[in-house]
Amino acid sequence: MKAKIILPFMIIVMMLAANATADQNIADKIDSIFVMASSLDIKYKDSVGSARESIAAMGTEAVPHLIEMLGTPHGRERAALEDIFKKIGEQAIPQLNEALLTTDSLRLSRVAKILYFFPDTSSVTNLLKITDNPYYSARYQAIRALGKIGDHEAIPAIRTAMMDDNELVRTIAAVSAGRMNDAGLFPDLVAAFDDEYYGVRMSAHEAFKAAECSAKVEFITAALGNASINSRKHLLMVIAEDSCQYSMEAILPFFHAADPMIMSQALKAACRLDSNYVFGFLSDPSDDIESFILNQTIEDILRCHEAETSTKP
């Protein structure tokens with residue numbers, strides 16, 4: 001009886017040992033080739049590409065060890081690993097998704113970064129589980145990847161990230177909010193215009209510029225009246241830089257704004273829509289304008305109008 005029990009047990013042990021040996025062989029092989037794959041030494045310059053291709057050719061068998069290697073403190077090695085993962089391609093996604101739940105925070109952020117290059121809805125569930133990780137870089141990379149994937153299940157997490165205590169996380173959250181192409185996030189993007197960090201404000205600005213006309217024109221027109229000074233300035237800038245058609249009636253109230261930046265952006269926005277109207281308004285400008293920016297805007301508009309009319313037959 002004992003012999004019958006021992007025999008299957010020994011077979012299992014031998015199989016595990018064989019698998020462990022195989023895994024170790026793959027790891028050793030990767031380590032030896034990786035010296036060239038990540039080298040900056042001139043003597044390896046012709047071997048770097050082929051070395052990376054050799055590791056990538058191992059496919060999914062190489063992925064567990066490559067994930068372990070993501071803990072490296074050396075930037076050149078991380079760059080080499082990213083390139084190898086890109087060469088392995090989408091077949092690495094299932095193992096990368098699993099690693100989101102099993103690896104430490106440092107590797108976690110780098111795994112999420114790799115998944116950004118392979119946007120796949122299969123990654124959404126596990127990425128959402130790390131959006132509240134204590135390590136800000138993990139939150140950053142998770143929100144970045146979720147924005148690239150574009151699954152609307154990520155909207156609550158992106159909205160929360162726009163209020164993160166780290167400015168870089170808030171910035172990438174604004175970028176991801178723009179990529180989601182969802183009008184429900186417009187109020188959050190407007191609120192981002194009052195963020196103390198420049199990157200957040202400009203990311204929200206670019207998000208509005210990239211949004212579809214059919215979604216944003218009505219929202220921006222309605223939002224101008226109750227917006228904060230910063231938000232109003234940015235929304236008018238969007239109109240001025242945009243290609244969408246807005247209503248002049250929404251802009252005219254700001255021609256006499258107390259804030260010179262608001263007035264300046266309103267004039268620019270209106271000039272894009274109807275330059276003749278703005279030129280008429282500015283044909284007799286006030287002499288007591290103290291704002292350099294506003295004066296410069298008026299001069300630019302008048303100069304541009306004169307150049308346009310002089311070229312017309």
Side-chain angles (χ1 to χ4, degrees), residues 20 22-120 123 126-127 130-131 133-149 161 164 166-173 175-176 179 197-199 202-203:
D23 290 343
Q24 188 58 49
N25 287 340
I26 291 172
D28 291 342
K29 186 176 180 181
I30 291 173
D31 289 341
S32 64
I33 302 174
F34 194 72
V35 173
M36 288 185 290
S38 62
S39 179
L40 298 177
D41 197 314
I42 190 69
K43 69 180 179 181
Y44 290 132
K45 70 181 182 66
D46 295 326
S47 304
V48 170
S50 58
R52 294 181 183 184
E53 292 285 355
S54 295
I55 297 174
M58 299 180 195
T60 56
E61 290 187 334
V63 171
H65 189 59
L66 293 174
I67 290 173
E68 283 298 310
M69 295 173 72
L70 285 172
T72 177
H74 304 295
R76 61 180 175 79
E77 293 185 351
R78 294 198 299 274
L81 287 165
E82 287 178 18
D83 188 44
I84 292 168
F85 271 110
K86 289 177 183 178
K87 293 180 185 301
I88 292 174
E90 295 180 354
Q91 61 180 321
I93 291 175
Q95 289 165 288
L96 289 166
N97 288 343
E98 183 180 352
L100 290 172
L101 304 182
T102 58
T103 192
D104 60 80
S105 293
L106 177 62
R107 291 179 178 83
L108 190 61
S109 67
R110 295 169 183 174
V111 168
K113 183 179 181 181
I114 301 298
L115 286 170
Y116 169 83
F117 301 121
F118 307 116
D120 191 281
S123 304
N126 288 359
L127 283 169
I130 66 169
T131 54
N133 188 277
Y135 187 35
Y136 86 88
S137 186
R139 302 196 302 276
Y140 177 98
Q141 295 295 351
I143 292 296
R144 181 175 181 241
L146 287 166
K148 184 73 173 292
I149 294 168
D164 197 275
N166 183 278
E167 66 275 11
L168 298 181
V169 176
R170 297 197 304 275
T171 298
I172 200 61
V175 173
S176 292
R179 286 179 173 154
Y197 187 61
Y198 173 84
M202 293 315 299
S203 295

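The residues of the chain are indexed from 1 along the displayed sequence.
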Point to revise | Nearest heavy atoms of S203 and T171, plus distance in Å | key: OG-CG2, 3.3 Å
Point to revise | Stepwise side-chain contact (heavy atoms from CB on, under 4.5 Å) check, L66 with I55 | key: CA-CA 9 Å; L66 293 174; I55 297 174; 4.0 Å; yes
Practice item. Report the distance from atom CG of N97 to atom CG of N126, rounding to the nearest 0.5 Å. Key: 5.5 Å
Review point. Looking at CG of L108 and CD1 of I130, how far apart are the two atoms once the value is rounded to the nearest 0.5 Å?
Key: 4.0 Å
Check your understanding: At their closest point, which heavy atom of E77 faces which heavy atom of F34, and how far apart are they?
Key -> O-CZ, 3.6 Å
Study note, to complete from the structure: Taking every heavy atom of A145 against every heavy atom of A112, the minimum-distance pair comes out as CB-O, 3.8 Å
Practice item. Under the side-chain contact (heavy atoms from CB on, under 4.5 Å) rule, what do L127 and I149 come out as? Steps first, then yes or no, please. Key: CA-CA 11 Å; L127 283 169; I149 294 168; 3.7 Å; yes
Practice item. Examine distances only and state if a side-chain atom of S109 and a backbone atom of L106 form a donor-acceptor pair shorter than 3.5 Å. Key: yes
Review point. Would you say E90 has more than 12 foreign heavy atoms packed within less than 6.0 Å of its CD?
Key: no
Check your understanding: Looking at OG of S47 and CD of E53, how far apart are the two atoms once the value is rounded to the nearest 0.5 Å?
Key -> 13.0 Å
Check your understanding: Would you say I67 and F85 make side-chain contact, with heavy atoms under 4.5 Å?
Key -> yes
Exercise for review: Return yes when atom CD of E98 has more than 12 non-hydrogen atoms of other residues, nucleotides or ligands closer than 6.0 Å, and no otherwise.
Suggested key: no
Point to revise | Verdict with supporting geometry, R110 and Q141, side-chain contact (heavy atoms from CB on, under 4.5 Å) | key: CA-CA 8 Å; R110 295 169 183 174; Q141 295 295 351; over 6 Å; no
Review point. Hey, what do you get for CD (E167) to OH (Y136), rounding to the nearest 0.5 Å?
Key: 8.5 Å
Revision key, fill the gap. Closest heavy-atom pair, M58 versus I26, reported as atoms and distance to 0.1 Å, is SD-CG2, 4.4 Å
Review point. Can you tell if the side chain of I143 reaches within under 4.5 Å of the side chain of D164, non-hydrogen atoms only?
Key: no
Check your understanding: Does the R76 side chain pair with the main chain of S39, one donor and one acceptor, at a distance under 3.5 Å?
Key -> no
Revision key, fill the gap. Taking every heavy atom of V111 against every heavy atom of L96, the minimum-distance pair comes out as CG1-O, 3.4 Å
**Study point:** Value rounded to 0.5 Å, distance of CZ in F118 from CD1 in I88
**Key:** 8.0 Å
Point to revise | Between OG on residue S38 and CD1 on residue I84, distance to nearest 0.5 Å | key: 8.0 Å
Point to revise | Donor-acceptor under 3.5 Å (Q95 side chain, T60 main chain) | key: yes
Check your understanding: Run the side-chain contact (heavy atoms from CB on, under 4.5 Å) check on R52 and V48 step by step: do they pass?
Key -> CA-CA 6 Å; R52 294 181 183 184; V48 170; 3.5 Å; yes
Check your understanding: Does R78 reach the side chain of L70, with side-chain heavy atoms less than 4.5 Å apart?
Key -> no
Revision key, fill the gap. Tightest non-hydrogen contact, residues S176 and R144, listed as OG-CA, 3.9 Å
Exercise for review: For salt bridge (charged side-chain N to carboxylate O under 4.0 Å, His left out), just list the numbers for D104 and R107, CA-CA rounded to whole Å, side-chain angles, deciding distance to a tenth of an Å, and then say yes or no.
Suggested key: CA-CA 6 Å; D104 60 80; R107 291 179 178 83; 2.4 Å; yes
